[in-house]
There are 2 protein chains.
Amino acid sequence: MNSSATGRADCGPASGERVRVVEVGPRDGLQNEKQYLRAQVKIELIERLATCGLPVVEATSFVSKRWIPQLADADTVLSKFRRREGVAYPVLVPNVAGLERALEVGAHEIAIFTSPSDAFNRKNINCDTDESLARLAPVVAGALEHGLPVRGYVSCALGCPYQGDMPVADVVRVSRRLVDMGCGEIAVSDTIGSGTARAVREVLRAVAAEVPLPRIAVHFHDTRGQALPNVYVSLEEGIRIVDGSVAGLGGCPYASGAAGNLATEDLVFMLHGLGLETGIDLPALIETARWISAELGRAPASKLARAGLPKRLG
Amino acid sequence: MNSSATGRADCGPASGERVRVVEVGPRDGLQNEKQYLRAQVKIELIERLATCGLPVVEATSFVSKRWIPQLADADTVLSKFRRREGVAYPVLVPNVAGLERALEVGAHEIAIFTSPSDAFNRKNINCDTDESLARLAPVVAGALEHGLPVRGYVSCALGCPYQGDMPVADVVRVSRRLVDMGCGEIAVSDTIGSGTARAVREVLRAVAAEVPLPRIAVHFHDTRGQALPNVYVSLEEGIRIVDGSVAGLGGCPYASGAAGNLATEDLVFMLHGLGLETGIDLPALIETARWISAELGRAPASKLARAGLPKRLG
């Protein structure tokens, strides 16, 4: 259920409510993997994920090949995979040039990213936050002109690797700016997995005061093991759009300081346990997680894919 | 805060509330590790954990050496480590013989275990649940005669590897029986990590109708990544005693189907983020997690010990 009038959320969403799971493995996951995959494997991954029932599969990123060589074949991938009816395949674009590349190969939906942290933006995109927003405005406008919905990622919303804690007011300001420029959805993102439950609740309540709740998504990395409790409090706050990365792509269980995307199958196992509807075939998703992990030559970073579903009665 | 009159819990505990973290790594953790450690390393582990501020360190187990050779040196360990003022060091005992061994080497507090699952008890202790309770009654009575407090583990409270789902009524019945025979504390235990948030809330509410809330602890394994959200809903239900295993001892991140104890440091990171008091020095705990993992020749199974604490402002 959504936040009550008292400002306190009830404990957990009601059974049968729908949660929209956004699969970011082919983009956020693979861009953080050291290993390169052939375009054909990426295409098969996207197709398998859609077949599992994921309503949204972020397919790739049109950032500079110099920045992210793992996704240098974005044009090939986006133009070649078989689209499934009713599934959205957004692609990440950093600027107008990226938008044009995406449009050339038939993108139907895009995502953009910035951060409330000047320090992070300078390191990541070589400009401060206001300059970043100024550069993104024409990207959003251009996408809307072509009828493409736009998702805006608010990176480091729970903490920044350079400046540390993130003032809530800065997260709200950037979220509001992105909505004002035309983003239909805001993804409050704990890019470095430093947030804990109370901070998540606080920032979501502040953003929800400025942005309609149904347009707020959460994107957590499990770097410090907090992603699922953070999703849980997000659900209590009325959030119904949650990101995951199949097999925990982007975070290797062995690596120290792993990026640690929240594994989609661990997320869906919790959501289904809460009686929530996702439309996702969990056993098929686990199979897909094991398959892509084998393609990467390692065990899945997801606990569910390693342990398997528990035995049920009957 | 505790459950409200409506039966719905508020969202999360109040800042400044105390949570008692029970460290089970030296017992539940090490008994699930394939590798043996020298008694001296176990002794150092127990001493380090107490120094980190853990109020309870379950030191070892007096089960048959044939069952758990990893803890065959229980007598040596328990008689040799330096006790820290104000810290409790319970030991697990399976029967009267185990209790006598524990008493000989100066145990001050014990823990016993059974399960509501006849199938699990038959496999694990070769008798059904009622017979198990009958065998435990003199153990508890004997401990109380010597003034030793007793904790009762209710294993497979969220699911059984043999019978599958666990009826809540059976968990309540066994919990009530253990309290009636003299257990001061009940640990509702998800031994195989199959429980999700709603099931945890349901079983805790049912047990809390029969057992006073301050005497109920939760013991989660992270086999399927659900331990922390399950702790979170437990806190919402008013639970203030939570088990953890330093470095996630008992669960190897590489192993398929790892036992996956909840890592104490990941737990404490969440608790402190919620503004709860534990008395634990988290950086020292992370150091201890890294040290014992090195002794085992592997990376910590805990995400926090791998990634480290996030940067904070100032």
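Side chains are part of it too, since the values below use all heavy atoms of this structure and drop only hydrogens, waters and symmetry mates. All chains are named by letter (A, B, ...) in the order of the sequence lines, taking the proteins before the strands, and each is independently numbered beginning at 1.
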So which of [options] has the largest heavy-atom pair count under 4.5 angstrom toward chain B?
options	result
A:G273, A:A199, A:G275	A:G273
A:Q226, A:M270, A:H272	A:Q226
A:V231, A:D266, A:L267	A:D266

Can you tell me which portion of [X] sits under 4.5 Å from chain B's heavy atoms? Options are side chain, backbone, both or neither.
X	answer
A:S194	both
A:S302	neither
A:L309	backbone

Tightest non-hydrogen contact, residues A:L228 and B:P229, listed as CB-CG, 3.7 Å
Does A:Y162 offer a backbone N or O that forms a donor-acceptor pair with the side chain of B:K311 under 3.5 Å? yes
Side-chain donor or acceptor of A:R224 paired with backbone N/O of B:K303 under 3.5 Å: no
Could you have a look at B:S15, B:P161, B:G195 and say which one has the most heavy-atom pairs with chain A under 4.5 angstrom? B:S15
